[in-house]
Number of protein chains: 2
Amino acid sequence: MDLDLALVRAFVATAGTLHFGRAAEELNTSQQALSKRIARLEELLGVRLFERQGGIRLSEAGERFLPAAREALAAGERAVAAVTGTGPVVRIDTWGHLYAPMRTVAEAVQVLGAVRWEPGPGRDWPSVAQALLRGDTDLGFGRVHPLPDGRDAGLTQRLVRLEPVDVVLSPSHPLAGADALRPSDLRDSILWCPAELNRLDFLRRFADEFRITRRHDGPNLGLDHLVQHLRTDPEGFTVFPADAPLPDHTGLRSIPLVEPTPLYAWSLAWRESSRHPLLDTLLRGFTEAGRTRRWLEYKPQRDWLPDTDHPKLAVR
Amino acid sequence: MDLDLALVRAFVATAGTLHFGRAAEELNTSQQALSKRIARLEELLGVRLFERQGGIRLSEAGERFLPAAREALAAGERAVAAVTGTGPVVRIDTWGHLYAPMRTVAEAVQVLGAVRWEPGPGRDWPSVAQALLRGDTDLGFGRVHPLPDGRDAGLTQRLVRLEPVDVVLSPSHPLAGADALRPSDLRDSILWCPAELNRLDFLRRFADEFRITRRHDGPNLGLDHLVQHLRTDPEGFTVFPADAPLPDHTGLRSIPLVEPTPLYAWSLAWRESSRHPLLDTLLRGFTEAGRTRRWLEYKPQRDWLPDTDHPKLAVR
DNA sequence: CCTATGCGACAACCCTCCGTTGTCGGCCGG
DNA sequence: CCGGCCGACAACGGAGGGTTGTCGCATAGG
């Protein structure tokens with residue numbers, strides 16, 4: 001009971017023109033062949049799709065079939081595009097590269113397939129927002145924070161993942177043996193920041209919220225550099241998304257945070273006035289992945305989320 | 001370039017077993033026929049889907065194709081189900097019947113087709129919430145307001161439409177000639193309520209917000225009854241969703257409200273722990289319809305929404 | 001009432017294509 | 001080196017889909 005999409009195509013074309021002759025022309029075939037195709041489809045489905053009485057019009061069943069038929073055609077085209085590499089590509093600019101945003105995008109894309117994408121050169125949220133507004137890129141992915149002067153006006157965003165963060169510290173750190181730690185346990189330690197703290201919205205809010213006053217920041221010299229320092233400083237720590245990969249054999253320990261568990265809010269952003277054709281498919285991929293992998297779980301009494309992220313939460 | 005889903009089915013089955021013989025058995029055909037089908041599909045796509053070297057495994061292209069192929073098969077099945085009437089039915093309980101909730105559900109379903117649904121006996125939000133929790137129905141649709149005692153715990157809801165409301169009044173009402181009215185213009189008029197006001201969350205909040213103190217309520221005796229009273233009372237008015245149909249030839253006037261425009265918030269609700277198989281399709285229908293018909297537009301400076309509805313808003 | 005016209009269905013024909021049966025070749029384990 | 005398993009290849013037969021040609025049935029106009 002599998003449809004041949006060629007038949008479905010014939011139906012959709014005929015439903016469009018309501019005229020066998022013209023629809024046949026459109027499909028580069030003859031009226032008779034088209035007539036047979038429709039008849040075949042009708043027999044397969046066991047339902048009359050058109051009422052014929054001097055001209056044709058959609059039957060009630062045809063009316064029900066039409067939108068679903070269009071969907072099926074579109075799905076077929078996406079499948080073909082997925083494998084032949086034809087069709088559009090969506091450019092996705094990510095930021096917060098230290099936290100490996102790509103892995104989440106890749107996972108969401110994999111769920112549905114059929115989306116070809118390429119990473120953009122994104123650096124940070126302000127620059128990606130600008131690129132989106134200029135049309136230099138199609139989609140942004142990372143942690144969004146409010147921009148001054150309405151520099152994000154016209155952009156739509158959607159929260160797609162809340163990721164718990166772990167503490168990362170040296171085995172020589174006094175707390176290294178714990179199975180779980182509370183943020184308040186870290187007050188006596190030194191927060192090592194991967195870049196200048198005033199450019200790290202999440203880390204800054206985290207440190208402020210939990211009164212972590214000993215902080216060490218500096219220019220972004222990459223993950224390895226940070227790891228080096230952490231390894232040698234028994235008082236130092238940093239926080240890191242729980243599923244983001246640390247370089248292997250760093251010898252550092254990753255310990256879950258609880259009471260509360262801080263969450264890192266990953267969002268997609270795009271310019272509403274120029275939606276990319278693949279956007280809907282991609283959003284479905286994130287929705288699907290988010291549900292199965294529980295990417296959007298948030299319990300106010302268990303988790304901590306920066307104030308500015310709260311509006312992004314919603315019953316969805 | 002239209003796929004034959006029978007070929008796609010062959011591919012998916014083979015990708016599942018990674019064994020031509022067993023997949024052929026599963027498909028009730030011979031190994032040779034299956035082999036030919038795969039070859040045909042590969043030629044059509046111009047890509048090798050399997051690597052053959054003593055046994056088979058998916059090629060890179062096959063890996064990309066698989067999820068999209070599953071999607072296409074599902075879409076095909078939905079299309080067949082839409083027209084043959086096979087497949088599951090989703091029971092949707094609506095409430096606020098005076099405001100004709102069904103029309104919005106019907107519109108959303110129409111966008112994608114393929115969802116068979118039947119209305120339930122819903123009366124009001126509390127009773128529908130209870131029915132959802134008991135599993136007596138699959139989905140609820142109407143305006144959701146918070147319930148006491150956690151009687152809505154375990155239910156997920158999603159805002160799907162914000163509908164402006166119009167004033168409805170008799171032609172003999174002094175304001176009947178206006179092209180648009182402000183809520184504050186109605187302070188001297190009498191709000192006729194279609195039921196007891198303490199059961200009408202939206203109307204109560206509306207009247208309180210805009211200081212409409214003259215109110216007339218009573219048991220719900222139906223739309224016609226309300227219309228009768230409105231027609232004869234030159235001081236009376238009621239408010240009504242802008243797109244909801246009033247009975248024809250009522251002789252009443254409908255006038256848009258502005259500065260601000262009150263919005264009626266329609267939501268879907270379901271029990272997260274027992275998602276109906278059609279729920280995702282249905283949600284996509286609402287998302288799609290919502291975008292094209294601008295069902296979710298809200299400007300705080302232009303519109304008015306009861307406080308309790310604000311958490312439902314979200315960037316999505 | 002008759003005819004012209006336009007449209008879709010039906011019939012006959014032909015060829016392509018798909019599934020069948022039978023067989024070969026290549027990769028494995030012993 | 002050999003046997004067994006698995007997928008590809010070859011040959012054949014029948015169904016199916018496209019072609020051309022024609023008919024039936026509407027509707028409109030004289």
Side-chain angles (χ1 to χ4, degrees), chain A residues 1-63 65-66 69 72-73 76 80, chain B residues 1-63 65-66 69 72-73 76 80:
Chain A
M1 195 53 181
D2 287 315
L3 292 176
D4 183 344
L5 292 185
L7 304 189
V8 178
R9 176 86 58 195
F11 166 75
V12 170
T14 310
T17 62
L18 289 180
H19 189 292
F20 275 66
R22 276 188 285 278
E25 198 172 347
E26 200 174 293
L27 296 166
N28 293 316
T29 182
S30 67
Q31 172 260 318
Q32 289 85 346
L34 175 59
S35 186
K36 273 198 184 185
R37 288 197 161 195
I38 300 294
R40 221 156 73 225
L41 184 59
E42 287 178 325
E43 187 171 10
L44 184 73
L45 296 172
V47 167
R48 224 153 163 66
L49 296 171
F50 292 103
E51 305 282 0
R52 282 94 156 163
Q53 31 212 22
I56 53 172
R57 62 167 203 277
L58 276 173
S59 71
E60 194 195 329
E63 209 73 73
F65 188 52
L66 185 54
L73 284 182
V80 172
Chain B
M1 193 52 179
D2 287 313
L3 292 176
D4 183 343
L5 293 186
L7 304 188
V8 179
R9 175 87 57 193
F11 166 74
V12 170
T14 311
T17 63
L18 289 180
H19 190 292
F20 275 67
R22 277 187 285 278
E25 198 172 346
E26 197 174 297
L27 296 167
N28 293 315
T29 183
S30 66
Q31 172 262 317
Q32 290 84 343
L34 176 60
S35 185
K36 275 197 183 185
R37 286 197 162 196
I38 299 294
R40 221 155 74 222
L41 184 59
E42 287 178 325
E43 187 172 11
L44 184 72
L45 296 173
V47 169
R48 227 157 160 63
L49 296 172
F50 293 103
E51 306 282 359
R52 282 97 157 159
Q53 30 212 15
I56 53 172
R57 64 168 201 275
L58 276 173
S59 72
E60 192 193 331
E63 210 73 72
F65 188 53
L66 185 54
L73 283 182
V80 173

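Reminder, nothing fancy here: chain letters follow the sequence lines and each chain counts from 1.
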Legend entry - Options D/dT20, C/dG8, C/dT21, nucleotide nearest the side-chain atoms of A/Q32: D/dT20
Inset, instruction - Look at the side-chain N and O atoms of A/R40 and state whether any lies under 4.0 Å from the OP1 or OP2 oxygen of D/dG18. - result: yes
Legend entry - CD/A/E25: more than 12 non-hydrogen atoms of other groups inside 6.0 Å: no
Inset, instruction - Report the distance from atom CG of A/L49 to atom C1' of C/dG8, rounded to the nearest whole Å. - result: 16 Å
Inset, instruction - For A/I38 and C/dC7, give me the distance from atom CD1 to atom P, rounded to whole Å. - result: 17 Å
Legend entry - A/I56, nearest nucleotide to its side chain (from D/dA11, C/dA9, C/dG8): C/dG8
Inset, instruction - Kindly say whether B/L49 contributes a backbone atom to a donor-acceptor pair with the side chain of B/E42 at under 3.5 angstrom? - result: yes
Legend entry - Phosphate-side-chain proximity, B/S35 and D/dG7, N/O vs OP1/OP2 below 4.0 Å: no
Inset, instruction - Verify the contact: side-chain N or O of B/R52 to OP1 or OP2 of D/dC6, cut-off strictly under 4.0 Å; return yes or no. - result: no
Inset, instruction - Give the rounded distance in Å between these two atoms: CG of A/N28 and P of D/dT19. - result: 10 Å
Inset, instruction - Please report, rounded to the nearest Å, how far the P atom of D/dG16 is from the CG atom of A/L41. - result: 16 Å
Inset, instruction - Determine: side-chain N/O of A/T29 to OP1/OP2 of D/dT19, distance under 4.0 Å, yes or no. - result: yes
Inset, instruction - Among C/dA12, D/dA8, C/dT20, find the nucleotide with the atom closest to the side chain of B/Q31. - result: D/dA8
Inset, instruction - Could you state the atom-to-atom distance from CZ of A/F50 to P of C/dA9 in whole Å? - result: 10 Å
Inset, instruction - Compare the minimum distances between each of D/dG18, D/dG7, C/dA9 and the side chain of B/F20, then state the nucleotide with the smallest one. - result: D/dG7
Inset, instruction - Work out which heavy atom in B/D4 is nearest to a heavy atom in A/L3; give both atom names and the distance. - result: OD1-O, 3.6 Å
Inset, instruction - Using atom types as modelled and distance alone, determine if a side-chain donor or acceptor of A/S59 lies under 3.5 Å from a backbone N or O of A/R48. - result: yes
Legend entry - Whole angstrom value for the distance that separates P of D/dG17 from CG of A/L7: 8 Å
Legend entry - Euclidean distance, atom CZ of residue B/R57 to atom P of D/dG7 [Å, nearest integer]: 14 Å
Legend entry - Residue whose nearest DNA chain D nucleotide is more 5′ - B/R22 or A/R37: B/R22
Legend entry - Length of the CG-C1' vector between B/L44 and C/dC18, whole Å: 15 Å
Inset, instruction - Considering just the side-chain nitrogens and oxygens of B/S30, establish if one lies under 4.0 Å of OP1 or OP2 belonging to C/dG19. - result: no
Inset, instruction - Check A/L58, A/L73, A/L34 against A/F11 for a side-chain contact (heavy atoms from CB on, under 4.5 Å) and give me the one that passes. - result: A/L58
